[in-house]
Asks: 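The structure's right below; bear with me while I get my questions together.
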Amino acid sequence: MKIKKKDIILSLLLIPIWGGVGLAQDLEEYLQIAAKNNPELEASYTQFKAALQEAPQVSSLPDPTLSISAFGRMIETRLGAQEARLGLMQMFPWFGTLEAKQEAANLLAEAKFQEYLAMRAGLFSEIKQAYAELFAIKGTIVLKQENLDILDSYRKLSLSKFRSGSSKMVNVLRVDIKQEEALTEIALEEELLSSLKKQFNLLLNRNPNAEVPIQDTLIFDGAVQFETINAEEVVALHPELIKFDRQQEAYQRRAEIAEKAGLPNFGIGVDYAIISERTDANPVHNGQDAIMPMFSVSIPIFRTKYKAAEKEAELMQEAVSMNKQARKNQLQSEFEKILYNLNKAAKLLKLYERQLEVSNQASNLLVSAFGNDDGDFEEVLRMNQDILMLKIQQIEALKAGFTAQAKMDYLLAKTENYDETN
């Protein structure tokens, strides 16, 4: 099995884009930056390219052996004295050995490539989740800043009612407390946002203080359903599992190599002797150099090392098989968890939408009643806080749904072709 660079680039181009997660333009750019700059991802791809260089090494014949002998005291023959001898020998392994070595090396190289694909999918998922966290914090800050304006309007209303003698000063103080609390929370969340932006930049391997624009919207398609999908089928084509398949096949080839190593190797060569002419006589072919074809064969009588190599390859196959099953179970378990989180986020978003609609109506009624001296200002503040919490929970549900879909992208190994130029 041969792996060509052209085939690898083509495989990258054929990887489809998962449409469940709406990606803002900024997020797409971040994924492009990560695909090109992330050092861990680059290192993984470099390891794959290095693994491709193994096949030419193991599939080559051993170097021929050239021997040169010069005689201090010439050995006399019938045709003359031997002055020097040259020998050239080429060894050949048992039939099919080199092909098996090449195939094993290519299989391990493909395993490295699958490892790279899994790492890339994991990196993209991590970036999407980090971006969702940034979006949620930014959205929460905006909501609390907007709520400050609402609280300010409540303060003006309660202060006006106090001056007219129809309300208590304590209502104004309650608003002041809520405003101060909101200002502190906003300051803390802005510090958190600044810290997370630096972490996000480091994930992209760029200046920690670089600007990180965040879109005002985050799309989560809560209508996507996966209940009819079999978890085992979903993860079957995951790069991590394919990696284990290639490793297992490679160790099968190594078992064949170990078996063939226990068979004889053959050598073909030639021996050339330089002979000087006799001066004391002149026989036929006097001084003619001698050429002698050579054939050799190795006799592998010490079998322990060959049997040990075969056993090692068989045990490695078993180990890879067990590792694959363990990882498969983990991925299937993760799928079930993600499926639950997707459905939960979709249902919560619908719930919060309905609750906000009703809560806004109730808030308007309470404010109107308080303005007409027929309501409790504490109820107004409580409803305001309830609405704020519902909006924050709505953002958190959106973040949770987007995060779950990002994890589903990883399980489905659907990644964008941002590093197709590698």
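Note: hydrogens, waters and symmetry copies are ignored here, and every other heavy atom, side chains too, is used.
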Asks: Enter the distance from Phe402:CZ to Tyr131:OH here, rounded to the nearest 0.5 Å.
Replies: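 With rounding to 0.5 Å, CZ (Phe402) is 8.0 Å from OH (Tyr131).
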Asks: What distance separates Lys138 NZ from Lys197 NZ, expressed to the nearest 0.5 Å?
Replies: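 Answer for the NZ-NZ pair, Lys138 versus Lys197, is 7.5 Å.
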Asks: Take Glu249 and Arg246, measure what salt bridge (Lys or Arg N to Asp or Glu O under 4.0 Å) needs, and give me the verdict at the end.
Replies: CA-CA 5 Å; Glu249 292 172 12; Arg246 299 294 89 81; 3.0 Å; yes
Asks: Give a yes or no on this: more than 12 heavy atoms of other residues, nucleotides or ligands lie within 6.0 Å of atom CD of Gln361.
Replies: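 More than 12 heavy atoms, drawn from other residues, nucleotides or ligands, come within 6.0 Å of this atom.
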Asks: Check whether any side-chain heavy atom of Glu357 lies under 4.5 Å from a side-chain heavy atom of Arg354, and answer yes or no.
Replies: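 Heavy-atom side-chain distance check fails, nothing below 4.5 Å.
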Asks: Without swapping roles, check the side chain of Glu191 against the backbone of Ile186 for a donor-acceptor pair under 3.5 Å.
Replies: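 It does not hold such a pair.
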Asks: Give the minimum heavy-atom separation between Gly401 and Leu342, together with the two atoms involved.
Replies: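 That would be O-CD2, 3.8 Å.
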Asks: Between Glu110 and Asn106, is there a side-chain donor-acceptor contact under 3.5 Å, judged purely by atom types and distance?
Replies: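 No pair is found: no donor N or O on one side chain lies under 3.5 Å from an acceptor on the other.
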Asks: If every non-hydrogen atom of Ser59 is compared with every non-hydrogen atom of Leu98, which pair is closest and at what distance?
Replies: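 Closest approach of Ser59 to Leu98, heavy atoms only: O-CD1, 3.6 Å.
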Asks: Taking C-beta and beyond as the side chain, do Pro264 and Trp94 meet within less than 4.5 Å on heavy atoms?
Replies: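 With C-beta onward as the side chain, the pair touches.
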Asks: Could you measure the distance from the CD atom of Glu232 to the CG atom of Leu241? Nearest 0.5 Å is fine.
Replies: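 Those atoms lie 10.0 Å apart.
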Asks: Do other residues, nucleotides or ligands put more than 12 heavy atoms under 6.0 Å from the OH atom of Tyr340?
Replies: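 Atom OH in Tyr340 is not crowded, with 12 or fewer foreign heavy atoms closer than 6.0 Å.
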Asks: Parallel, tilted or perpendicular, judged at 30° and 60°: which one describes the rings of His238 and Tyr410?
Replies: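 It falls in the perpendicular class, over 60°.
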Asks: For Leu134, which of Leu193, Leu27, Leu192 qualifies under side chain to side chain contact (heavy atoms under 4.5 Å, CB included)?
Replies: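 Answer to the side chain to side chain contact (heavy atoms under 4.5 Å, CB included) test with Leu134 among Leu193, Leu27, Leu192: Leu193.
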Asks: Measure from the ring center of Tyr45 to the ring center of Tyr116 and say whether it is less than 6.0 Å.
Replies: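 So the answer is yes for these two rings.
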Asks: Nearest 0.5 Å, please: how far is CD1 in Ile338 from CG in Leu411?
Replies: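 Answer for the CG-CD1 pair, Leu411 versus Ile338, is 4.0 Å.
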Asks: In terms of side-chain geometry, is the basic nitrogen of Lys399 or Glu396 positioned less than 4.0 Å from the acidic oxygen of its partner?
Replies: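 Answer for the salt bridge query: yes.
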Asks: So which atom in Ile242 and which in Leu237 form the shortest heavy-atom distance, rounded to 0.1 Å?
Replies: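 What the structure gives for the nearest pair is CD1-O, 3.5 Å.
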Asks: Is Ser60 reaching over with its side chain to a backbone N or O of Pro56, donor-acceptor style, under 3.5 angstrom?
Replies: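 Yes; at least one donor-acceptor contact below 3.5 Å.
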Asks: For a 4.5 angstrom cut-off between non-hydrogen side-chain atoms, does Val234 reach Leu412?
Replies: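 In contact.
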Asks: Is there a side chain to side chain contact (heavy atoms under 4.5 Å, CB included) between Ile141 and Glu190? Walk through the geometry before answering.
Replies: CA-CA 7 Å; Ile141 291 173; Glu190 285 178 340; 3.7 Å; yes
Asks: Got a donor-acceptor contact below 3.5 angstrom from the Asn384 side chain to the Val380 backbone?
Replies: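 Checking the backbone N and O of Val380 against the side chain of Asn384, no donor-acceptor pair under 3.5 Å is found.
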Asks: Verify, without hydrogens or angle tests, whether Ser44 (side chain) and Glu40 (backbone) share a donor-acceptor contact under 3.5 angstrom.
Replies: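 It does not hold such a pair.
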Asks: Could you check whether Gln330 and Arg327, counting side-chain N and O atoms only, form a donor-acceptor pair closer than 3.5 Å?
Replies: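 Note: Arg327 and Gln330 side chains meet the donor-acceptor criterion.
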Asks: Check whether any side-chain heavy atom of Ser359 lies under 4.5 Å from a side-chain heavy atom of Met383, and answer yes or no.
Replies: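 Yes, at least one pair of side-chain atoms sits under 4.5 Å.
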Asks: Report the distance from atom CZ of Arg155 to atom CZ of Arg174, rounding to the nearest 0.5 Å.
Replies: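 Separation between the atoms: 14.5 Å.
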Asks: Give a yes or no on whether the backbone of Leu356 and the side-chain of Asn360 come within a donor-acceptor separation of less than 3.5 Å.
Replies: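 Judged by distance alone, yes, a pair lies under 3.5 Å.
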Asks: Quick one: closest heavy-atom pair of Met91 and Gly267, and the distance?
Replies: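 In terms of heavy atoms, the two residues are closest at SD-CA, 3.4 Å.
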Asks: Should Glu353 and Lys350 count as an ion pair when the cut-off is N to O under 4.0 Å?
Replies: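 No salt bridge links Glu353 with Lys350.
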Asks: Go through it in stages, so that I can follow the logic: the residues are Glu103 and Glu99, the test is side chain to side chain contact (heavy atoms under 4.5 Å, CB included), and I'd like the CA-CA distance, side-chain angles, deciding distance and then a yes or no.
Replies: CA-CA 6 Å; Glu103 191 170 355; Glu99 291 80 359; over 6 Å; no
Asks: How long is the straight-line distance from CD of Gln102 back to CD1 of Ile257, given to the nearest 0.5 Å?
Replies: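 These two atoms lie 10.5 Å from each other.
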Asks: Quick check against the 3.5 Å criterion: does Ser298 have a side-chain atom that pairs as donor or acceptor with the backbone of Asn265?
Replies: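 Yes.
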Asks: Short question: side chain of Thr140, backbone of Ala136 - any donor-acceptor pair under 3.5 Å?
Replies: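 Here the side-chain-to-backbone pair exists.
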Asks: Would Ser321 and Gln317 count as having a side-chain donor-acceptor pair, cut-off 3.5 Å?
Replies: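 Ser321 vs Gln317: no donor-acceptor pair found between side chains.
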Asks: Can you tell me if CG on Leu61 sees more than 12 non-hydrogen neighbours from other groups inside 6.0 Å?
Replies: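 More than 12 within 6.0 Å, yes.
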Asks: Between Ala100 and Arg253, what is the shortest heavy-atom contact and its length?
Replies: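 Minimum heavy-atom contact is O-CB, 4.0 Å.
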Asks: Tell me, do Ile68 and Arg85 make a side-chain contact under 4.5 Å, heavy atoms counted?
Replies: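 The answer is no, as the side chains (C-beta and beyond) never meet within the 4.5 Å cut-off.
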Asks: Salt bridge (Lys or Arg N to Asp or Glu O under 4.0 Å) for Lys260 and Glu256? Distances and angles first, verdict last.
Replies: CA-CA 6 Å; Lys260 292 178 183 296; Glu256 296 174 11; over 6 Å; no
Asks: Salt bridge between Glu240 and Lys324, side-chain N to carboxylate O under 4.0 Å?
Replies: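 No salt bridge links Glu240 with Lys324.
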Asks: Please indicate whether Gln145 has more than 12 foreign heavy atoms, meaning atoms of other residues, nucleotides or ligands, lying under 6.0 Å from its CD.
Replies: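 It does: Gln145 CD has more than 12 such atoms within range.
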Asks: For Leu86 and Asp271, what are the C-alpha separation, side-chain angles and deciding distance, and is it a side chain to side chain contact (heavy atoms under 4.5 Å, CB included)?
Replies: CA-CA 6 Å; Leu86 304 176; Asp271 212 14; 5.9 Å; no
Asks: Are the side chains of Gln179 and Leu148 in touch, meaning some heavy atoms are under 4.5 Å apart?
Replies: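 Side chain of Gln179 against side chain of Leu148, heavy atoms only: contact under 4.5 Å found.
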Asks: Please tell me if the side chains of Arg254 and Leu108 come closer than 4.5 Å, counting only heavy atoms from C-beta onward.
Replies: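 Yes; the side chains approach each other to less than 4.5 Å.
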Asks: Establish, from distance only, whether the side-chain atoms of Ser125 and Gln129 form a donor-acceptor pair under 3.5 Å.
Replies: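 Ser125 vs Gln129: donor-acceptor pair found between side chains.
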Asks: For Tyr30, run the side chain to side chain contact (heavy atoms under 4.5 Å, CB included) check against Asn201, Leu203, Val212 and tell me which one passes.
Replies: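 So, applying the side chain to side chain contact (heavy atoms under 4.5 Å, CB included) to Tyr30 and each of Asn201, Leu203, Val212, only Val212 qualifies.
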Asks: Please walk me through it: do Leu123 and Met119 pass side chain to side chain contact (heavy atoms under 4.5 Å, CB included)?
Replies: CA-CA 6 Å; Leu123 174 64; Met119 181 176 292; 5.5 Å; no
Asks: Which heavy atom in Leu349 sits nearest to a heavy atom in Ala397, and how many Å separate them?
Replies: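 Heavy atoms only, the tightest pair is CD2-CB, 3.9 Å.
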Asks: Do Leu263 and Pro300 have side-chain heavy atoms sitting under 4.5 Å apart?
Replies: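 Contact flag for Leu263/Pro300 side chains = no.
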Asks: Above 12 or not: heavy atoms from other molecules or residues under 6.0 Å from CZ of Phe302?
Replies: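 Check fails, neighbour count at 12 or below.
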Asks: Under 4.0 Å between a Lys/Arg side-chain N and an Asp/Glu carboxylate O for Arg382 and Asp386?
Replies: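 Salt bridge absent between Arg382 and Asp386.
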Asks: So, for Phe113 and Phe48, is the gap between ring centers shorter than 6.0 Å?
Replies: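 Phe113 vs Phe48: aromatic centres under 6.0 Å.
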